[in-house]
Amino acid sequence: MSTINLEKELDTYFGYQAFRPGQREIIEDAMLGNDVLGVLPTGSGKSICYQLPAMLLKGVTVVVSPLISLMMDQVKQLKAINIKDVVAINSFMNTKERREIWNTIHRYKLIYISPELLQRPDVQRKLKHVGVDLFVVDEAHCISQWGHEFRPDYLKLKKIITFLDHPTVLALSATATTNVQQDILSYLNKPNMKKHIYPVDKPNITFNVEHLSGDKEKQEKIVSLLKAYYVPTIIYFSSRLEAENISALLSLQTDRRVAFYHGGMESQDRIIIQQQFMNGQLDAICCTSAFGMGINKKDLRLIIHYHLTPQLEAYIQEVGRAGRDNKSSVGLLLFSEGDIFLPKNIIKGELPTKNEITTVFRQLKTMYDQGQSLPTTDQEKLAVFQVSESKWRFLQYQFEKHDILKENNVIIYDSQLWKEAFLAISNRCEERLIKKDKQLQSVINWIYHTGCLRKKLYQDFQPSYTEAVDQCCSNCGFSWSDWQPEQLTHKIEKTYSWEEKLKKLLLVDVQ
DNA sequence: TTAGGGTTAGGGTTAGGGTTATTGCCGGTGCCGATCT
């Protein structure tokens, strides 16, 4: 290791002359075999932290990634700089392609994969056989943010790490509060990870909270802002329907090019909208939290929240997408009385009630008594157990954890053990609800805070923060009339011929 | 016109066919140190 000249290798593989802050430290640790938690601001080149070691290490580097689109982007970028021995394995491939990849898996140095696919025993065996040197968890805050309810496979990564004979573990994130960091360490079962934490605050973002009377005022506000500022804008909603409706309204009442984006859309449509926004063919996006991860648009100037985020972490993440070019940007949160009920209901709908837990226990007992297996498809399971998909996933994880369920079979019935499991699972739900309520409450507290919003927002997240470059926040005297962002120049909509319109529709550049 | 009810994000995965996983040997290559010119 000491003989490796990292700068030289960085240049050879990636064509960069020097490391950015944090990269070298993380890479050196990873190469020495130390488990590392790296928290680096977005756009600081996190991926180099594992891509370079992947090239230099003898064995394979596995990267756990939360989104297929992120995996594909990375692979595309690497292939573009002539690094060919990388692959993303996911459901976009057909079985033939997949088999081919697995049969030649030893040829790859860098393998991107989802936590779900990693759960499959055959996948685990193949990876073990080929020898994993470095196990990377990209966007590691997903462990804490999604693992507990939405994607429990994130909580099972530690088992895989053990099965793979403890390769070096590298967890990377752009937003990990002290609590999230703790979650990452404990759920990866690596309490002694070396931490490389860098501040993620953005001195060029002005924080602005406006208290309004209701939806009508919110909409008028957005319309007036879009008319006043010709800048790339994201408007976040907690409702798909609302995002669609406001998108239509804005298209009608302003001359901006607006579209909506949420998880309920066809993936093809989502890709198109994202591309158009990145290319500057759209001015504003009305979206849910589905939009954002992996979006690297440097000149985002305005991030509006029409609804509350459930946690301050999420707010920091979403608003932090503004101003990556370090130019003056604004985060605006629109709040009206009663807004708290929507996130409250979403939180409530995510975890099973005591009654639901009881019903599922009864159902499992019946199946055990009759020697039945659980239904194979998710749909049948939901019908049998009478709970929503996310509730079932949470429960399934809990039952497996308590050794009641294994691969669709109830493996044991013991009244004492079941009683204990019931209590433990109910308590766990309670705990999670309390925690989530607390997180939501801290968002509300922030909104009603009368002191500096920047200070209040960052105080729990990092020891210190940089003072605002421009204007600080709405409690420190911000006024819209003072905000003079760099506006887009091609303000006047060109008139297009029908050929040009067609080309535009087909996404061909008509400049 | 008003009161009141309903309001609800986030992503991955998906079957069925014929060859699996492991070990040893052989040949080529790159690195390093010793030796020779």
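Predicted model only: the values in this text are computed from it and were never measured. Excluded from the calculations below are hydrogen atoms, water molecules and symmetry mates; all remaining heavy atoms, backbone and side chain alike, are included. Chain letters run A, B, ... following the sequence lines, proteins first and then strands; every chain starts at 1.
- Side-chain N/O atoms of A/R270 include one lying less than 4.0 angstrom from OP1 or OP2 on B/dG11.
- No engagement by A/E149 is indicated, since no non-hydrogen atom pair under 4.0 Å with the nucleic acid exists.
- Taking the six-membered ring where the residue is Trp, A/F207 and A/W446 present perpendicular rings, their angle passing 60° and hence far from 30°.
- Taking the six-membered ring where tryptophan is involved, the planes of A/Y448 and A/H211 are tilted, since the angle between them lies from 30° to 60°.
- Ring planes of A/W392 and A/F399: tilted class, angle from 30 to 60°.
- In this structure, A/H129 reaches the B/dT22 phosphate: one of its side-chain N or O atoms is under 4.0 Å from OP1 or OP2.
- Counting atom types as modelled, A/E350 pairs a side-chain N or O with a base atom of B/dG10 as donor and acceptor under 3.5 Å.
- Ring pair A/W146/A/F150 is perpendicular by interplanar angle, where above 60° counts as perpendicular and below 30° as parallel.
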Give each protein N/O atom lying under 3.5 Å from an N/O atom of nucleotides 6-8 of chain B, with the pair distance.
from	atom 1	to	atom 2	distance (Å)
B/dT8	O3'	A/S238	O	3.4
B/dT8	O2	A/N345	O	3.3
B/dT8	O2	A/I346	N	3.3

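- Within the 4.0 angstrom heavy-atom criterion, no nucleotide atom of any strand lies near A/P343.
- Side chain of A/S239 to backbone of A/E242: a donor-acceptor contact under 3.5 angstrom is found.
- When each of A/G263 and A/N90 is assigned the nucleotide of DNA chain B with its nearest heavy atom, A/G263 is the one assigned upstream, toward the 5' end.
- Residue A/D153 is out of contact with every strand shown, counting any heavy-atom pair closer than 4.0 Å.
- As judged by a 4.0 angstrom heavy-atom cut-off over every strand, A/R393 is placed among the base-contacting residues.
- Using a cutoff of 4.0 Å between basic side-chain nitrogens and carboxylate oxygens, A/E28 and A/R24 are scored as salt-bridged.
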